[in-house]
Amino acid sequence: MWDKFIAFFAQRHMLANLMFIGIMLSGMYFWFATNKEELPNVTRDMVRVSTSYPGASAEQVEYFVTKEIEDKLKGLDGIYQVTSNSGAGSSSISVELELRRPDRD
């Protein structure tokens, strides 16, 4: 089957060249007609920090991990609110940024 296909275009080299040029030109057209952006402007107003401390109690995670991270985050500019949740062996901290706060618009 492939032998017949190759033989067809080998005998009609002008048709093969025209098809190649047509595919290249249409590819170039669609490349420039498609909207694209290398570095899109993405803004996030919420960041979540999850930590793992295997084998530790909730109190140890709260004192040694969560409190330390909260203290460092509260000293940064641009942070609206920090909320946290500590459990046995893990903690989750949500940081709300001051990007689109209604009181700042």
Side-chain angles (χ1 to χ4, degrees):
M1 169 158 169
W2 285 106
D3 296 337
K4 291 179 184 179
F5 183 76
I6 293 171
F8 177 80
F9 284 105
Q11 293 169 358
R12 295 164 182 85
H13 57 85
M14 186 63 89
L15 176 63
N17 289 337
L18 285 175
M19 286 179 61
F20 174 74
I21 291 171
I23 291 170
M24 290 299 292
L25 290 175
S26 63
M28 288 173 51
Y29 168 76
F30 286 112
W31 172 261
F32 290 111
T34 304
N35 292 331
K36 55 193 159 294
E37 191 171 334
E38 289 182 20
L39 297 171
N41 186 12
V42 177
T43 56
R44 291 182 166 77
D45 56 354
M46 180 74 82
V47 177
R48 174 156 304 190
V49 179
S50 298
T51 61
S52 176
Y53 191 178
S57 67
E59 292 80 20
Q60 290 173 327
V61 172
E62 174 73 28
Y63 182 76
F64 292 113
V65 179
T66 307
K67 186 175 179 317
E68 294 293 324
I69 295 173
E70 281 181 343
D71 291 343
K72 299 292 181 186
L73 288 174
K74 287 180 181 176
L76 298 175
D77 290 336
I79 293 181
Y80 178 72
Q81 183 177 7
V82 176
T83 56
S84 64
N85 184 13
S86 296
S90 66
S91 71
S92 177
I93 302 169
S94 297
V95 182
E96 192 172 351
L97 304 176
E98 289 184 344
L99 296 177
R100 294 188 218 162
R101 299 299 311 160
D103 54 343
R104 294 187 54 97
D105 291 339

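We count residues from 1, following the sequence as given.
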Report task. Could you pull out the closest heavy-atom pair between Q60 and A56, with the gap in Å? Result ->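 Q60 and A56 have their closest heavy atoms at OE1-CA, 3.3 Å.
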**Report entry** Exercise: identify the closest heavy-atom pair between V61 and S90
**Finding:** CG1-O, 3.5 Å
Query raised in the report: Pairs in or reaching into residues 62-73: which pass side-chain hydrogen bond (donor to acceptor under 3.5 Å, both in side chains), with residues at least two apart or in two chains?
Result: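 Listed by first then second residue: E62-S86, T66-S86, T66-S91, K67-D71, E70-S84.
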Query - Qualifying residue, where the test is side-chain contact (heavy atoms from CB on, under 4.5 Å) with S94 and the options are N85, V82, T83, V47 - result: T83
Query - Common cluster, I93/L76, ILVMFWY with side-chain heavy-atom separation under 4.5 Å - result: yes
Report task. Flag the pair L97 / I79 as yes when at least one side-chain heavy-atom distance between them is below 4.5 Å, and no otherwise. Result ->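 Answer yes - side chains close enough.
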Mind listing the side-chain donor-acceptor pairs of residues 8-28 below 3.5 Å, one per line with the distance, residues two or more places apart or on another chain?
{"unit_1": "R12", "atom_1": "NH1", "unit_2": "F8", "atom_2": "O", "d": "3.3"}
{"unit_1": "N17", "atom_1": "ND2", "unit_2": "H13", "atom_2": "O", "d": "3.3"}
{"unit_1": "S26", "atom_1": "OG", "unit_2": "G22", "atom_2": "O", "d": "3.1"}
{"unit_1": "S26", "atom_1": "OG", "unit_2": "I23", "atom_2": "O", "d": "3.0"}

